[in-house]
Amino acid sequence: MSVRRTVVTRYPTPATRGSEDPQANPVTSRETMQAARRVVVKIGSSSLTTPDGLDVAAIDRLVDVLAAERQKGTQVVLVSSGAIAAGFPHLGLGRRPKDTATQQASAAVGQSKLMAHYTTSFGRHDTEVAQVLLTAEELMRRTQYTNAHRALSRLLTLDVMPIVNENDAVATREIRFGDNDRLAALTANLCKADLLVLLSDVDALYTGHPSHPDARRIPEVTSDDDLAGVDVRVPGSAGVGTGGMVTKVDAAGIAATTGIPTLLTSAANAGAAFAGEDVGTWFSATGRRRSARAAWLGLTAEVRGRLVIDDGAVAGAIDRGRSLLAAGITGCTGDFTPGDVVEIVDAHGRVRARGLVQYSSSQLPAMLGRTTADLRQDLGAGYDGVVVHADDWVRLTPPQR
């Protein structure tokens with residue numbers, strides 16, 4: 001199964017649909033960060049490990065910060081990298097392996113060591129922890145997405161600290177998924193978090209490489225304009241992490257579209273960040289909360305095909321929230337069956353929405369551009385329905401006014 005991996009180089013525009021939660025009251029600025037009741041925190045490999053394995057002192061410092069937040073009544077979900085980095089020294093390897101099989105072996109060894117220390121360290125604060133291993137493929141399937149949501153929600157209600165990581169021991173392409181940054185953004189949506197905090201060895205987003213004397217910290221990102229001319233191609237720590245600044249901006253953009261703000265800073269600044277101090281870079285939420293179903297459709301569902309629609313269908317269906325009929329579809333690609341997820345693309349190639357298609361890729365070509373009356377007369381009553389129902393799609397771009 002192929003996995004679509006997209007790097008967001010622009011700060012995304014929010015989708016707007018009736019399926020979003022109008023009651024949501026997301027955190028809107030770093031001054032109100034302390035008001036967040038549920039927080040997802042992601043920590044990178046470079047902040048947790050050394051060339052010799054786990055950095056026990058660094059893990060304990062992070063745990064102390066998160067335990068203090070929990071004492072305030074905040075629910076915390078930790079997305080922790082570090083399994084591969086923790087494992088490869090114990091396999092006699094001098095550096096992070098590059099081939100998938102050895103990465104999987106390192107993860108299998110390192111994940112147990114990582115969780116063992118988290119269990120011990122959180123135990124100092126009388127906190128029970130739970131390991132939750134996910135893959136991108138699992139989040140692409142509706143049933144697994146729902147099960148993961150239920151599991152995380154139940155752990156939090158039981159006052160257990162979930163520790164999420166990519167299931168690197170069985171993952172293939174997902175093993176290089178962006179150093180868990182994107183997984184953290186999806187987890188924040190999955191558990192309906194109020195805030196996403198990305199911790200790494202870089203203290204903020206800068207206008208250039210942080211080592212350059214002219215580089216300036218960007219305190220807040222609210223739109224594309226704030227990223228104009230910014231070079232986010234700062235690599236992760238050599239030999240340990242896999243992500244860089246681009247994956248963090250990508251993750252912040254994913255969270256923003258679902259109404260979740262993001263703070264990007266270093267692990268060393270974690271305590272100051274939770275105290276509300278002016279550290280790191282704050283990515284403001286640009287969208288509103290979505291239901292779990294709409295978020296799955298818009299962010300994680302596996303796309304099996306593409307429908308190309310004309311300008312009339314954009315105005316009549318996408319912009320007005322109506323069902324999509326065959327008359328407005330000019331082309332289709334992919335191999336899909338009824339109930340699969342497809343992208344809905346305008347004449348300029350811009351992805352406008354995703355939805356559940358009601359006809360297969362073998363049925364649809366004969367229907368394109370034809371009215372309901374024509375379809376009923378020529379092909380029969382089974383071909384005169386809507387192609388994507390209004391209740392079964394989610395907009396990915398704002399309506400055109």
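In this view, Asp311 satisfies the salt bridge (charged side-chain N to carboxylate O under 4.0 Å, His left out) rule with no residue, not counting sequence neighbours. Legend: residues meeting side chain to side chain contact (heavy atoms under 4.5 Å, CB included) with Ser121, ordered by chain and number and at least two apart, are Asp60, Val63, His117, Arg124. For Arg70, the side-chain hydrogen bond (donor to acceptor under 3.5 Å, both in side chains) criterion is met by Asp159, not counting sequence neighbours. Scanning for side-chain hydrogen bond (donor to acceptor under 3.5 Å, both in side chains) contacts around Gln377 gives an empty result, with sequence neighbours left out. Checked against side-chain hydrogen bond (donor to acceptor under 3.5 Å, both in side chains), Ser80 has the following partners two or more places apart in sequence or in another chain: Tyr118. Residues passing the side-chain hydrogen bond (donor to acceptor under 3.5 Å, both in side chains) test with Glu69, sequence neighbours excluded: Lys72.
Rounded to the nearest 0.5 Å, atoms OG1 (Thr371) and CG (Asp374) are 3.0 Å apart. Remark: Leu297 CG to Arg395 CZ distance equals 13.5 Å, nearest 0.5 Å. Taken from CD in Glu220 to CG in Asp278, the straight-line distance is 9.5 Å, to the nearest 0.5 Å. Atom OH of residue Tyr383 and atom CG of residue Asp378 lie 12.0 Å apart, to the nearest 0.5 angstrom. The structure places CD1 of Ile329 at 7.5 Å from CE of Met367, a figure rounded to the nearest 0.5 Å. The distance from the CG atom of Asp64 to the CZ atom of Phe122 is 9.0 Å, given to the nearest 0.5 Å.
A donor-acceptor contact shorter than 3.5 Å links the side chain of Trp393 to the backbone of Arg322. Between the side chain of Thr157 and the backbone N or O of Arg154, at least one donor-acceptor pair lies under 3.5 Å. For the pair Thr120 (side chain) and Ala116 (backbone), a donor-acceptor distance under 3.5 Å is present. With hydrogens and angles ignored, the 3.5 Å screen pairs a side-chain donor or acceptor of Asp194 with a backbone N or O of Arg37. Using modelled atom types, no side-chain atom of Asn269 and backbone atom of Ala272 make a donor-acceptor pair closer than 3.5 Å. Side-chain atoms of Thr281 come within 3.5 Å of backbone N or O of Leu205 as a donor-acceptor pair.
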_side chain to side chain donor-acceptor pair (under 3.5 Å) between Asn189 and Tyr145, worked out_ = CA-CA 11 Å; Asn189 174 268; Tyr145 183 96; 2.7 Å; yes
*How far apart are the C-alpha atoms of His125 and Thr127, what are their side-chain angles, what is the distance that settles it, and do they pass the side chain to side chain donor-acceptor pair (under 3.5 Å) test?*
CA-CA 5 Å; His125 300 279; Thr127 298; over 6 Å; no
*asked:* Set out, in order, the CA-CA distance, both residues' side-chain angles and the distance that settles side-chain contact (heavy atoms from CB on, under 4.5 Å) for Lys42 and Thr187, then state yes or no.
replied: CA-CA 10 Å; Lys42 182 264 177 180; Thr187 300; over 6 Å; no
_Worked check of salt bridge (Lys or Arg N to Asp or Glu O under 4.0 Å) between Lys248 and Asp181_ = CA-CA 6 Å; Lys248 293 165 180 56; Asp181 294 312; 3.3 Å; yes
*Start with the C-alpha distance between Arg304 and Asp335, add both sets of side-chain angles, then the distance that settles salt bridge (Lys or Arg N to Asp or Glu O under 4.0 Å), and finish with yes or no.*
CA-CA 6 Å; Arg304 301 302 298 269; Asp335 182 12; 5.1 Å; no
*Would you check, one step at a time, whether the test side-chain contact (heavy atoms from CB on, under 4.5 Å) holds for Leu190 with Val40?*
CA-CA 10 Å; Leu190 186 69; Val40 170; over 6 Å; no
*side chain to side chain donor-acceptor pair (under 3.5 Å) between Ser47 and Asp201, intermediate numbers included*: CA-CA 6 Å; Ser47 301; Asp201 52 359; 5.5 Å; no
*Go through the steps for Ser153 and Arg150 under the test side chain to side chain donor-acceptor pair (under 3.5 Å), then give the verdict.*
CA-CA 5 Å; Ser153 297; Arg150 290 173 178 169; over 6 Å; no
*asked:* Run Asp319 and Arg352 through salt bridge (Lys or Arg N to Asp or Glu O under 4.0 Å) and show every step you take.
replied: CA-CA 9 Å; Asp319 289 347; Arg352 305 301 298 267; 3.6 Å; yes
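Contact of the Phe336 side chain with the Val303 side chain is not registered, since no non-hydrogen atoms from C-beta on lie closer than 4.5 Å. Within the 4.5 Å cutoff, the side chain of Leu199 has heavy atoms near those of the Thr265 side chain. Looking at heavy atoms from C-beta onward, Pro219 lies in side-chain contact with Arg217 at the 4.5 angstrom threshold. Side-chain contact check for Val388 versus Gln358: every heavy-atom pair is 4.5 Å or farther apart. When side chains are defined from C-beta on, Val345 does not count as touching Arg350, because their heavy atoms never get closer than 4.5 Å. Annotation: side chain of Val164 is in contact with side chain of Leu134 (closest heavy-atom distance under 4.5 Å). Using a 4.5 Å cut-off on side-chain heavy atoms (C-beta onward), Thr330 and Asp310 make contact. The shortest side-chain heavy-atom distance between Leu356 and His389 does not fall under the 4.5 Å cut-off.
Side-chain N/O atoms of Ser81 and Asn180 include a donor and acceptor closer than 3.5 Å.
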